[in-house]
A.B. asks: 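Dropping the structure in here first, questions after.
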Amino acid sequence: MVWLIALFVIAAVAVCVVWLRKRVTGGDERRAPADGECCGQHAVCERDSLLAGVSRRVEYYDDEELDRYRGVAADGYADEQAEEFRDVLYTMDEDDVPGWCRSLQLRGIELPDQLKEEVLLIVGEHRSAATRK
């Protein structure tokens, strides 16, 4: 019986410690990405973007017409609208794709879901080619 009470007290203390830890940290226990690892929070990791942290200045890539999509959710685009983004994407140099994605983020424009895999593929190939150099 004493062992049962001791086990109960230990469990209660453990629950209190976990509860207090979450309360003190605000429940936000995100870890920083390790080297070579993307944080997964967005289509293109800001860590490798030259624009990230250095400048909040918006750079346009001959895509001013996309500003009308500010505030549209990534899953809210019709195929014709996503095609406008695709046209811009495939007319730029692949070196500019990460900067373009950062520009869209700074302008409050979400990349259409229809394009995310294509953008990730282009950026991934570009990064692996840059690492091999």
A.B. asks: Partners of Asp93 by side-chain contact (heavy atoms from CB on, under 4.5 Å), sequence neighbours excluded?
C.D. replies: Asp95, Asp96
A.B. asks: Is it possible for you to say whether Val97 and Leu121 belong to one hydrophobic cluster, with membership spreading through side-chain heavy-atom contacts below 4.5 Å?
C.D. replies: no
A.B. asks: Suppose we screen for side-chain hydrogen bond (donor to acceptor under 3.5 Å, both in side chains). Which residues come up paired with Glu84, at least two apart in sequence or across chains?
C.D. replies: Arg68, Tyr69
A.B. asks: Do any N or O atoms from the side chain of Arg70 and from the backbone of Arg107 form a donor-acceptor pair under 3.5 angstrom?
C.D. replies: yes
A.B. asks: So does Asp87 get a backbone contact from the side chain of Thr91, meaning a donor-acceptor N/O pair under 3.5 Å?
C.D. replies: yes
A.B. asks: Identify the two heavy atoms, one from Ala74 and one from Lys116, that lie closest to each other, and give their separation to 0.1 Å.
C.D. replies: CB-NZ, 3.6 Å
A.B. asks: Would you give the length of the straight line joining atom CH2 of Trp100 to atom CD of Glu94, rounded to the nearest 0.5 angstrom?
C.D. replies: 14.0 Å
A.B. asks: Can you tell me if Glu65 has over 12 outside heavy atoms packed within less than 6.0 Å of its CD?
C.D. replies: yes
A.B. asks: If you look at every heavy atom in Ile109 and Leu66, which pair is closest and at what distance?
C.D. replies: CD1-O, 3.4 Å
A.B. asks: Start with the C-alpha distance between Glu110 and Tyr77, add both sets of side-chain angles, then the distance that settles side-chain hydrogen bond (donor to acceptor under 3.5 Å, both in side chains), and finish with yes or no.
C.D. replies: CA-CA 10 Å; Glu110 290 191 38; Tyr77 291 99; over 6 Å; no
A.B. asks: For residues Gln114 and Asp79, report the shortest heavy-atom separation together with the two atoms involved.
C.D. replies: NE2-OD1, 3.2 Å
A.B. asks: Mark yes or no for whether Ser103, through its side chain, and Tyr60, through its backbone, hold a donor-acceptor pair below 3.5 Å.
C.D. replies: no
A.B. asks: Who pairs with Gln81 by side-chain hydrogen bond (donor to acceptor under 3.5 Å, both in side chains), at least two apart in sequence or on another chain?
C.D. replies: none
A.B. asks: Going through the checks in order, is the side-chain contact (heavy atoms from CB on, under 4.5 Å) test met by Leu89 and Ile122?
C.D. replies: CA-CA 10 Å; Leu89 174 65; Ile122 291 170; 4.1 Å; yes
